[in-house]
Amino acid sequence: MSNANEQMAARYKNNFLKEIEEQAEMGEWVKMCMQCGVCSGSCPTNFHPGWDHPPQEIFMMIRAGKREEVLTSNSMWMCTSCYNCYVRCPRKLPITHIMHGIAEYAYRLGVAPKFQPTLHLSQTFWNNCTKTGRVNEVKLTQSLYFKDGFMAGIKKGLEMKDVALGLVKAKRLNIMEALGGGHKCKDIKGIQAMLAKAKELEAKRKAAKAAA
Amino acid sequence: MAAEKKHAAYICSGCGLGERLDIAALEAAAKKEGKMQVVKTHAFLCSAEGVAMIRNDIDNDGVTHVAICACSRRAKTEAFNFPTTAISRGNLREGVIWVRPDTDEARETTQEMAEDYVRMACAEVKAMTQPSGNPNTGMNKTLLVVGGGMSGMTSALEAAKAGYKVVLVEKTGALGGWAAKLYKRVPTREPFKAPQDNGVADLVAQIEADANIKVYLNSTLAKTAGAPGRFKVDIAMESGPTVTEDIGAIVQATGFSLYDANKLPHLGYGKSPHVVDQAGLEELARAANGGVMKRADGKEVKSVVFVQCAGQRDATGEHLSYCSGYCCNTSVKQAMYFKDANPDVDCVVLYTDLRTPGNGEDFYRSAQNKGVIFSKGVVSEVVPGGNACTVKFHDLILDDKAAQIEADLVVLATGVVPNSGVNIDAVPAAPAEATEGAAPVVEEKPISILNLDYRQGPDIPQFKFGFTDSHFICFPYETRRTAIYTAGPVRRPMDIAQAQEDATGAAMKAIQAMENAGLGKAAHPRAGDLSFPTARLEGCTQCKRCTVECPFGAIDEDEKRFPLFNESRCRRCGTCMGACPVRVISFENYSVNTVGAQIKAVNIPDEFSEKPRILILACENDAYPALDMAAMNRNEYSAFVRAIPVRCLGSVNTIWITDALNSGYDGVMLMGCKHGEEYQCHFVKGSELGRYRLSKVGDTLKNMNLEAERVFDLEVAITDIDTLPRKINDYAAKIQEIGMSPFKGF
Ligand code: SF4
Ligand code: SF4
Ligand code: SF4
């Protein structure tokens, strides 16, 4: 995978903006940012200390050619998809989508931060729901709680106990899903075939861009 | 003028006046103290019937002087329009009933107020004559435009289109000015996405085809003498004789020069041919003519950096502190020269704020779309290398102080310096400083542009940063020289589109001024006023106060060193009248007497009445309208004040204040506009001069043994509708606290 990264770096030399424009989804919008900072001011995750760069900065770093720093940043992964910035940007940049586009590109190149919780969640969620065509909440929760070890999982579970019981009472959570495969959609094969086809199409499109 | 005078007072009982006031007592006041020969009341004076009643008295009963006691002088001016008759207005509606509560306790003081205003209106009109108009009119209707750039050409064409003859004088050998040097200009039309033709050729062709416009190239003004409507202008041609043209009004559109980039060695200018200013880039662009952009050494430019605010918006005081107003858009345009010829050229614009007025926002976006990179940063240094320059800057977004870019070419967006001629107010530099200073500043003496044959100096007075003074808050084209208008970047920084709009406006104002001059009428702000100042020279002590103080340079000196009024240069502000220590200057309808008589007409109750009297002298342009509007909002204020509108604070003669205090007024409020750098005075310097003069009133107060607070100078803006009544009341309370004046009853 890191081969892909080196290839791309070599191909675009010092024009990282062009790389993002051509390779990352929605990347062509980055140049239109006018550095007003409204997005950064609007972003709820900006209040978190763990967040490196708000969108405005990410866009500026792209223009300044800070390739390594941008692609390995956790910032794009911290985006909660709240769409605050998206609706407020005076230049109408689809910021949320750009953030995701860059994140996905970094992942594709294999340089996205390892052990990044959002990245982990995305992957777990995807695997979980594509398996049966439906999300198995119990299993999804389990795999998230226990990702940092057994004891940590138990602890987290106890913490969330009341919420879980509430959900059960309201028939929003079925503990029995933990056993067996849980409920499924009617045509798992169909769903999976559809997803496979979509993946194939997207991979083809991206490969074509990468090869161009 | 009719020899026989007949005075009449008309009292209106409409608009609630009849219900709130004792009209019979008002009539009695007009008759007894007002000494009016005719006194009539009408229930609806501004109605056709009421107006016809007055008309009839004027036409058939020999009435020559009319005191209308109804609403403010600013209301119903169309109804009460009797051009041949002297008119005064007693302000009973806005001045009395609308600012007083309708209560039993208030009735008595409200009535007193109304009776005083009736007496004042009668006294004023008796001291007035209806002005007959300036006899020294100048009938010339030719417009002189100085400067053949975009602004000048536009003024000339617009005036010619309106049917006026134009003389256009251009210093260089060709029309077009700066714009002619541009390869292309910032777009003016939808979709505002690409640079467009500079438009010069088209305007030049229009001028050449216009029989109304006479062009003098390679020419300057050797002398401008006379006054609006009758200027005599000597035009000196580089090779050839000096010709004299008769001119009605003048538009000065002398534009700007670029700030000298040689003053920016830290940005590499002068050290490398690959650092150019915006004019230098236009030259390269014209050479490329749409092809790939090449530098001076013929190398194709692959990367270019634009440095915004080079030597502008500088807080250190070393360079220009202001913004040129156009160079962000120009850099956007110039970056497109590169991108349009070759999209692979790296174009970076380093800016602190990108200011793209008008539709520049679309243009900016278009440049971003074309791949121009805009980075927020402050450039500290440009280091010219052998083949490329290194631009060092502080990246403000990433807070990277050591950021740098390499570029084949660097373009500096330097600012503008107005070509405004000689600064006539410049204080000659003290010679002591020159010896001390490490690097003595060599001031080049600018050459006069207009060469005005005015006592006050050869050019238009200047304002901040050497731009010509124009009433920038309210009347942007008005200068302090009547019928001489400045337009375009000589007045303030602006781009071509704004300059052309400006030039059109100035041409229209100039036409208006010529027309008014021909009719013997004043120009802005008392447009159409027929009155003009005259001096009783027998009493004149030749102190020169009037000549010096006139904000508009209207007064010269005659051979015997007496003031010589150029009525058509005069704006009728009355500053000369306020300044004159022996009070020999007056207007037919506004004089030391017209106001003095009103001050005397007020009934001053005795010391034990607990009814102080406060005189308000209110500027008619801002303070008086503010009082009227406060009244429309029914913002109440003290019944102890008596307001008299004055043309300008500058026209206030100190005698009014001494007389008022001597006759027992307890306080005097002076209401005038803001002065200083952000002045709002319609007469520019009037309120400042008035305030300066009145600041000396303290001595008078001391001599009279009166408290300093008895005279109060208040700065009023037309918007002070809510605060003004409050301030009046505060002052009234203060006066009651100080106690009554000991001068009553003398
Ligand atoms: S709100 Fe839009 S234009 Fe402003 S900094 Fe963010 S992305 Fe850029
Ligand atoms: S959508 Fe993402 S980047 Fe935008 S404000 Fe929300 S969390 Fe921040
Ligand atoms: S001071 Fe005012 S009124 Fe007097 S001459 Fe000058 S412009 Fe006219």
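Below, chains carry the letters A, B, ... as their sequence lines are ordered, and counting in each starts from 1.
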Are more than 12 heavy atoms from other residues, nucleotides or ligands located less than 6.0 Å from atom [atom1] of [X]?
{"X": "E68(A)", "atom1": "CD", "answer": "no"}
{"X": "Q116(A)", "atom1": "CD", "answer": "yes"}
{"X": "K271(B)", "atom1": "NZ", "answer": "yes"}
{"X": "Y83(A)", "atom1": "OH", "answer": "yes"}
{"X": "K156(A)", "atom1": "NZ", "answer": "no"}
{"X": "K370(B)", "atom1": "NZ", "answer": "yes"}

Are the side chain of R63(A) and the backbone N or O of F374(B) linked by a donor-acceptor pair below 3.5 Å?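 Pair found, side chain donor or acceptor close to backbone of F374(B).
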
task: Ignoring hydrogens and angles, tell me if any N or O in the side chain of Q368(B) forms a donor-acceptor pair with the backbone of C33(A) under 3.5 Å.
output: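 The answer is yes, because a donor-acceptor pair under 3.5 Å joins these two groups.
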
| query | To the nearest 0.5 Å, what is the distance between CG (D346(B)) and NZ (K18(A))? | reply |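 So the CG of D346(B) and the NZ of K18(A) are separated by 9.5 Å.
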
Practice problem: Could you check E69(A), K66(A), H53(A) and say which one makes a side-chain contact (heavy atoms from CB on, under 4.5 Å) with L398(B)? | Solution: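 Single side-chain contact (heavy atoms from CB on, under 4.5 Å) partner of L398(B) among E69(A), K66(A), H53(A): K66(A).
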
Compare every heavy atom of S375(B) with every heavy atom of M60(A), then report the nearest pair and how far apart it is.
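Closest approach of M60(A) to S375(B): CE-OG, 2.9 Å.
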
Q.
With chain A as the partner, which of I405(B), N369(B), I373(B) has the greatest number of non-hydrogen pairs under 4.5 Å?
A.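 The candidate making the most pairs under 4.5 Å is N369(B).
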
- [ ] List the steps and the verdict of side chain to side chain contact (heavy atoms under 4.5 Å, CB included) for R365(B) and R91(A).
- [x] CA-CA 9 Å; R365(B) 243 189 300 240; R91(A) 275 299 179 78; 3.5 Å; yes

